[in-house]
Amino acid sequence: MPELPEVETTRLGVLPHLRGRAVLSVIVRRGDLRLPVDPGLEGLVGCRFIGVRRRSKYLLADVEGGRTLLIHLGMSGSLRVVPEADEWRKHDHVGLSLDTGRQLRYHDPRRFGMILVHETAMEVGHSLLQHLGPEPLEEEFSGVYLHSVVRRRRCPIKQAIMDATVVVGVGNIYASEALFRAGIRPVTQAVRVSRARCDLLVGSIKEVLAEAISQGGTTLRDFLRSDGEPGYFRQRLMVYGRGGEPCRVCGEPIRQRVLGGRSTFWCRVCQS
DNA sequence: CGAACCTCCTGCGGGC
DNA sequence: TGCCCGCAGGAGGTTC
């Protein structure tokens, strides 16, 4: 479910509940996620959270003493902070009780997510975080950079920007949205995207992600922020999920096809 | 190295 | 109403 804006929304939501708080107990009801829930999770009892960072779609909650709790939400994961006594819902798999009387709950119907504990706060230390490309909202992600990478790619540009070794955090929704804003068709061969259009595309990716974060992410079916509110970016989607509906700019029916196994949307008039 | 394909899992909406 | 099929926001692994 979550792309970068949803993960960032989650981070902002849980941060005030975690920062400075200690873990009193850990409950794992169901540990068979994409990877087994790290047994080291129990070792966080008694530890105090310093803060919560994000790298790619990983949430990194640092505790005093140099360990980091890594949480990936997969396709359907979410976090919320509830009173400890609150009833456990179906698919609530893990709970971390805090010294505030509240509990951080991990919920994930499809169980594609991950909960890991890493020994050092250095994000590059974990093997899952190596080989990741730049953060899309950092300066390092520029038109020059994208052009240099894309030069050797024969795949469609959409698949290139969804490749986490190229740039992290651009998932299926925002890939279609950014390409619409940049006026580039998703099927365009990456290698044929000019330097000028790479500039445009990078600008569009930054813009659409920043806007989505400011709206609390996109709720399609089930994404809820950690406070239980939906994200409001859905109303601003120009093409994603709008196959056959009129383009909001020119009225042309939005096209849809599968690219690399993922549904892809574009306007053949506004994008070329 | 790049690219195509497969896989994990549950829920839901559409079609019949 | 009920059942079956296909599809879903991710991403690591394998194979060529």
Side-chain angles (χ1 to χ4, degrees), chain A residues 1-10 29-37 54-59 70-79 89-94 106-116 126-133 136 148-179 186-192 205 208-209 212-213 215-225 230-237 239-244 256-265:
Chain A
M1 153 202 319
E3 297 189 32
L4 188 145
E6 292 73 42
V7 176
E8 182 64 13
T9 296
T10 300
R29 290 197 151 191
R30 181 145 195 186
D32 55 336
L33 306 184
R34 175 154 199 200
L35 295 176
V37 170
R54 180 189 57 72
R55 170 70 174 121
S56 185
K57 293 168 188 165
Y58 291 87
L59 288 169
L70 276 77
I71 299 177
H72 195 289
L73 301 174
M75 286 276 256
S76 59
S78 60
L79 290 175
R89 301 182 195 166
K90 192 175 186 185
H91 305 303
D92 281 353
H93 302 310
V94 176
Y106 176 83
H107 176 94
D108 187 3
R110 293 172 77 175
R111 306 203 312 281
F112 284 176
M114 287 181 270
I115 298 182
L116 304 169
H126 199 285
S127 60
L128 289 169
L129 300 179
Q130 291 173 356
H131 316 299
L132 287 179
S148 74
V149 171
V150 126
R151 227 179 262 173
R152 279 166 301 196
R153 300 272 182 148
R154 214 161 294 276
C155 67
I157 185 66
K158 177 177 180 246
Q159 278 159 266
I161 60 174
M162 287 181 68
D163 181 339
T165 66
V166 174
V167 58
V168 302
V170 182
N172 202 36
I173 297 179
Y174 300 110
S176 281
E177 292 299 311
L179 286 162
V187 290
T188 306
Q189 300 254 301
V191 71
R192 305 182 68 94
I205 289 171
V208 75
L209 292 177
I213 291 169
Q215 295 295 303
T218 299
T219 297
L220 288 183
R221 297 181 176 74
D222 50 5
F223 174 72
L224 293 181
R225 310 182 333 183
Y232 295 112
F233 195 73
R234 183 177 192 174
Q235 297 151 247
R236 300 214 193 168
L237 296 179
V239 291
Y240 185 86
R242 301 192 64 243
Q256 173 176 5
R257 63 167 275 195
V258 174
L259 205 58
R262 317 298 296 275
S263 283
T264 303
F265 303 86

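Convention: sequence-line order gives letters A, B, ...; per-chain numbering from 1. Given the structure is predicted, the values throughout are model-derived calculations rather than measurements.
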Of the options [options], whose atoms approach the side-chain atoms of [X] most closely?
{"X": "A:S263", "options": "C:dA8, C:dG12, B:dT10", "answer": "C:dA8"}
{"X": "A:L128", "options": "C:dG12, C:dG9, B:dA3", "answer": "C:dG12"}
{"X": "A:M162", "options": "B:dT10, B:dA3, C:dG10", "answer": "C:dG10"}

*Using a heavy-atom cut-off of under 4.0 Å over every strand shown, decide if A:F233 touches base, sugar-phosphate, or nothing.*
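No contact.
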
From [atom1] of [X] over to [atom2] of [N], roughly how many Å is that when rounded to an integer?
{"X": "A:L220", "N": "B:dG11", "atom1": "CG", "atom2": "P", "answer": "18 Å"}
{"X": "A:L35", "N": "B:dT7", "atom1": "CG", "atom2": "C1'", "answer": "13 Å"}
{"X": "A:R151", "N": "B:dC1", "atom1": "CZ", "atom2": "P", "answer": "18 Å"}
{"X": "A:L132", "N": "C:dG12", "atom1": "CG", "atom2": "C1'", "answer": "12 Å"}
{"X": "A:R153", "N": "B:dA4", "atom1": "CZ", "atom2": "P", "answer": "11 Å"}
{"X": "A:R111", "N": "C:dG9", "atom1": "CZ", "atom2": "P", "answer": "20 Å"}
{"X": "A:Q130", "N": "C:dG13", "atom1": "CD", "atom2": "P", "answer": "12 Å"}
{"X": "A:L73", "N": "B:dC8", "atom1": "CG", "atom2": "P", "answer": "22 Å"}

Just N and O in the side chain of [X]: are any of them under 4.0 Å from OP1 or OP2 of [N]?
{"X": "A:R34", "N": "B:dC9", "answer": "no"}
{"X": "A:H72", "N": "C:dA11", "answer": "yes"}
{"X": "A:K90", "N": "B:dT10", "answer": "no"}
{"X": "A:Y240", "N": "C:dG9", "answer": "yes"}
{"X": "A:H91", "N": "B:dC9", "answer": "no"}
{"X": "A:Q159", "N": "B:dA4", "answer": "yes"}
{"X": "A:R154", "N": "B:dA3", "answer": "no"}
{"X": "A:R110", "N": "C:dG10", "answer": "no"}

_Pairwise P distance for B:dC5 and C:dC7, with rounding to whole Å_ =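 Approximately 15 Å lies between the P atom of B:dC5 and that of C:dC7.
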
*If the P atom of C:dC3 is compared with that of B:dC9, how far apart are they to the nearest Å?*
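Each nucleotide's P atom is 24 Å from the other's.
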
*Specify whether A:Y106 and A:H93 have parallel, tilted or perpendicular ring planes, treating 30° as the upper limit for parallel and 60° as the lower limit for perpendicular.*
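Geometry flag for A:H93 against A:Y106: tilted rings.
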
*In terms of the angle between their ring planes, are A:H91 and A:H107 parallel, tilted or perpendicular, with boundaries placed at 30° and 60°?*
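The rings of A:H91 and A:H107 stand perpendicular, inter-plane angle above 60°.
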
Between [X] and [Y] (side chain of the first, backbone of the second, donor and acceptor by atom type, cut-off under 3.5 Å), is there such a pair?
{"X": "A:E177", "Y": "A:Y240", "answer": "yes"}
{"X": "A:R153", "Y": "A:A160", "answer": "no"}
{"X": "A:R225", "Y": "A:T9", "answer": "no"}
{"X": "A:E8", "Y": "A:R54", "answer": "no"}

*Return the stacking result for B:dC9 and A:F112: yes when the ring centres lie under 5.5 Å apart and the planes under 30°, no otherwise.*
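No, A:F112 does not stack on the base of B:dC9.
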
